[in-house]
Amino acid sequence: MSGKHILVAVAWPYASGSRHLGHLAGAYLPADIFARYHRLAGNRVLMVSGSDVHGTPITVRADQEGVEPQVIVDRYHNEFLRNWEELGISWDLYTSTGTDNHREVTWDVFRTLHEHGYIVPKTTQQFYDPEAERFLPDRYVEGTCPHCGYESARGDQCDHCGRQLDPEDLVDPRSRITGATPVMRPTEHYFLRLSAFEDRLLDWLQSRTGWRRHVLNMAIGFTREGLQDRAITRDLTWGIPLPPEFTEIGEGKRIYVWFEAVIGYLSASKEWAQRRGEPDAWQAWWTDPDAESYYFIGKDNIVFHAVIWPCQLMGYGGLNLPTDVPANQYVTFKGEKGSASRGVGRSISWYTERLQPDALRYALAANLPEQNDTDLSDGDIVRRVNEELVATWGNLVNRVLSMTAKNFDGAVPEPGELTDVDRSLLERVDRGLEDEARMIEKVELRAGLRTAMEVAQAVNAYLNATEPWKTAKSDRARTGTVLWTAIQSLAALSVGFEPYLPFSSARLRGMLGLDEPLRWGRLDVAPGTRLGSIEPLFGKLDEDVLTD
RNA sequence: GGCGGCGUAGCUCAGCUGGUGAGAGCGCUCGACUCAUAAUCGAGAGGUCGGCAGUUCGAGUCUGCCCGCCGCUACCA
């Protein structure tokens, strides 16, 4: 547990629209909790991600609004940056796939895989718009669905009956750009030879332990069905171009976004190292076999991170494969999956405008969809905050500090000899932190938070048993010992809650006169320390705070 | 359609390789306390573990079928 290098790799949010609560709960918050814990535990954490600025949805939106894709990208990238700032997502680097560095690293991966024989050109047939003089992505072809007769089905799927389609299945296909009838034309593309990795990948997957059941079975099942070579270039103008020497497949090709977005984990690590003035520093997380890497993603991304990205890494050579891919399921809203495009689930920004960051972090962390889809209503959020966070933890802090202020003139009292109840509470607190640490290390973050809350409950029970408000009238020494014991427990909990509730935990330490930096474990608060001004850690929420 | 996951108390969820009378939080009931953000602490009620069949001395936990929800199905990423 001393000084391991831990890469916390987090899904790259798509700069095509606001992200909603489901994205936050699925990837960004759990990653942040995990990273914050490991920093406290003394490990060297590198937590990276960035905005994914390429891909078809961005160009679709740009076309709809009549602006350049970059306008869309800038708008949402900036919104994401505000979200992370407000919520305290503790990136070591949050960048984007639009940087020169990312292009260079992508080219390096592309060239190396090509050199190793894993990238080859192939010819395919694809729809071409003769008026716009360009090839059409599936989503740009529309027509009548052969299954249900819906007239505006897209080339990739029918929005009416939900079936997967190939564009050539469409009856009466037309271009969404010009309305012209598209024609099939041959086009050449580079393919990644996933088939070459099938056996190696399967062996590796089957040797994984501790992975979530749905993640491992998904990846193994997918691989067992047989890996097919996959196109990694597209006929597009928005995206990373091919390395300049790759001219054999013709003009107008871009690297397909799924191939380069995951490379962002590597390019961001290198960018971080460069900015730090130690260009080779990234290697400690990528080439040292003792380093660990965790990829925080949603369940829709499992194949890309547990199958395709490992293939890319194996083909490149010399880089670490994922230690774990703790993919989360979905947060649903009244049983419905969040969707930025369909307006299900409000944006992260909507919530940060109405809630204290730690309150939102608590409600989400207590509901993380680690095993199942988890339904989260606005009422649940209010309930979690008022009846758990405020009632159990916020109130505990307030009652202890208020009594101390009242009876000991706002200074930490000197303890007398500890009794069995005092000692057993402190042992309970220590054991709680140890249990919590184990759970977080297994990426069981909900359980970790619950463990910390149980410690808070134990402190509440201790106070009810020792009744310092009564002894204050008769036995000042005993009262001082009890409050000292309770204050030590609060200090410990300011560490235990730090990964989940960084803002309020820091405020509490401020009240207790404690300084950073922290380490995982119980902190000592010296007798005589003057308490800062005492104010509630969290405000109780109005029933209708989340009602428009 | 195929593959994977899930379906457990009113609500949100834990239950690893099958084994003393099925768990937690919240809500609810009763009691204690009154320092504290009407907060806290204790006790209790509450479930045919989606349905049917099977394997087993014994299944929430294994097998088959069925129903429902979610994801993937390789041009969303």
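By convention in this document, chain letters (A, B, ...) are assigned in the order of the sequence lines, proteins followed by strands, and residues within each chain are numbered from 1. Model, not experiment: these values are computed from the prediction.
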Any N or O donor-acceptor pair under 3.5 Å from the base of B:C6 to the side chain of A:Gln329?
no
For [X] and [N], what is the distance between atoms [atom1] and [atom2] respectively, to the nearest whole Å?
| X | N | atom1 | atom2 | answer |
| --- | --- | --- | --- | --- |
| A:Glu436 | B:A24 | CD | P | 21 Å |
| A:Ile220 | B:G5 | CD1 | P | 10 Å |
| A:Leu389 | B:C26 | CG | C1' | 14 Å |
| A:Lys299 | B:C72 | NZ | P | 8 Å |
| A:Glu142 | B:C75 | CD | C1' | 16 Å |
| A:Arg185 | B:C75 | CZ | P | 21 Å |
| A:Leu449 | B:C26 | CG | C1' | 14 Å |
| A:Glu454 | B:C41 | CD | P | 12 Å |

With heavy atoms under 4.0 Å as the rule, sort [X] into base, sugar-phosphate or nothing.
| X | value |
| --- | --- |
| A:Leu227 | base |
| A:Arg450 | sugar-phosphate |
| A:Glu387 | sugar-phosphate |
| A:Gly210 | nothing |
| A:Phe304 | base |
| A:Gln126 | base |
| A:Asp52 | sugar-phosphate |

Quick note, A:Gln457 side chain, CB onward, closest among B:C26, B:A74, B:G5 is B:C26
Of the listed B:A74, B:C75, B:C41, the closest approach to the A:Asp138 side chain comes from B:C75
Check A:Asp422 with A:Arg478, please: is the shortest side-chain N to carboxylate O separation under 4.0 Å? yes
**OP:** If the plane angle is over 60° it's perpendicular, under 30° parallel, otherwise tilted; pick one for A:Tyr265 and A:Tyr295.
**Re:** perpendicular
(request) Measure the acute angle between the ring planes of A:Phe497 and A:Trp393, then classify it against the limits of 30° and 60° as parallel, tilted or perpendicular. (result) tilted
With sequence neighbours left out, the residues meeting side chain to side chain donor-acceptor pair (under 3.5 Å) with A:Thr374 are none
Nearest-Å distance once atom [atom1] is located in both [N] and [M]:
| N | M | atom1 | result |
| --- | --- | --- | --- |
| B:G27 | B:A45 | C1' | 13 Å |
| B:U55 | B:A59 | C1' | 10 Å |
| B:G42 | B:G51 | P | 34 Å |
| B:A9 | B:G60 | P | 14 Å |
| B:U61 | B:G15 | C1' | 9 Å |
| B:G31 | B:G68 | C1' | 43 Å |
| B:U40 | B:C49 | P | 33 Å |
| B:C52 | B:G4 | P | 25 Å |

Rounded to the nearest 0.5 angstrom, the OG-CG distance for A:Ser207 and A:Leu202 is 10.0 Å
Rounding to 0.5 Å, atoms CG (A:Leu216) and CG (A:Asp324) come to a distance of 9.5 Å
Any donor-acceptor pair under 3.5 Å linking the side-chain atoms of [Y] with those of [X]?
| X | Y | answer |
| --- | --- | --- |
| A:Tyr330 | A:Asp300 | yes |
| A:Asp358 | A:Ser504 | yes |
| A:Thr97 | A:His102 | no |
| A:Asn328 | A:Arg212 | yes |

- [ ] Just do the salt bridge (Lys or Arg N to Asp or Glu O under 4.0 Å) check on A:Glu535 and A:Arg507 with the steps written out, would you?
- [x] CA-CA 10 Å; A:Glu535 48 191 40; A:Arg507 274 179 55 218; 3.4 Å; yes
Inset, instruction - Using modelled atom types only, decide if a donor and an acceptor are shared between the side chain of A:Asn367 and the backbone of A:Ala363 within a distance under 3.5 Å. - result: yes
Might you list the N or O atoms of the protein lying below 3.5 Å from N or O atoms in nucleotides 34-37 of chain B, with each pair's distance?
residue, atom, partner, partner atom, Å
B:C35, O3', A:Lys406, NZ, 3.4
B:C35, O2, A:Arg399, NE, 3.3
B:C35, N3, A:Arg399, NE, 3.3
B:C35, N3, A:Arg399, NH2, 2.6
B:C35, N4, A:Arg399, NH2, 2.9
B:A36, O3', A:Asn398, ND2, 3.0
B:A36, O2', A:Asn395, OD1, 2.4
B:A36, O2', A:Asn398, ND2, 3.2
B:A36, N3, A:Asn395, ND2, 3.2
B:A36, N3, A:Arg399, NE, 3.1
B:U37, N3, A:Phe538, O, 2.8
B:U37, O4, A:Leu537, N, 3.3
B:U37, O4, A:Phe538, N, 3.3
B:U37, O4, A:Phe538, O, 3.1

Protein-proximity profile, nucleotides 7-14 of chain B, B/S/- by nucleotide at the 4.0 Å heavy-atom cutoff, equals -----SSS
Contact string for nucleotides 62-68 of chain B, one letter per nucleotide 5' to 3', B = base within protein heavy-atom range under 4.0 Å, S = sugar-phosphate only, - = neither, reads -------
A:Arg254 meets the salt bridge (Lys or Arg N to Asp or Glu O under 4.0 Å) criterion, sequence neighbours left out, with none
Of A:Ala458 and A:Val215, the one whose closest nucleotide on RNA chain B sits nearer the 5' end is A:Val215
By nearest-heavy-atom nucleotide on RNA chain B, the more 5' of A:Asn386 and A:Val303 is A:Asn386
* Is the Lys NZ or Arg CZ of A:Arg134 less than 6.0 Å from the centre of A:Tyr140's six-membered ring, within 45° of the axis? -> yes
Base-pair string, RNA chain B, Watson-Crick plus G-U, cut-off 3.5 Å on both distances, | for inter-strand, is (((((((..((((.....[...)))).(((((.......))))).....(((((..]....))))))))))))....
Next item on the list: For A:Asn464, look at atom CG and say whether over 12 heavy atoms of other residues, nucleotides or ligands are found less than 6.0 Å away.
Entry: yes
Correct closest heavy-atom pair for A:Phe135 and A:Thr187 would be CZ-CB, 3.5 Å
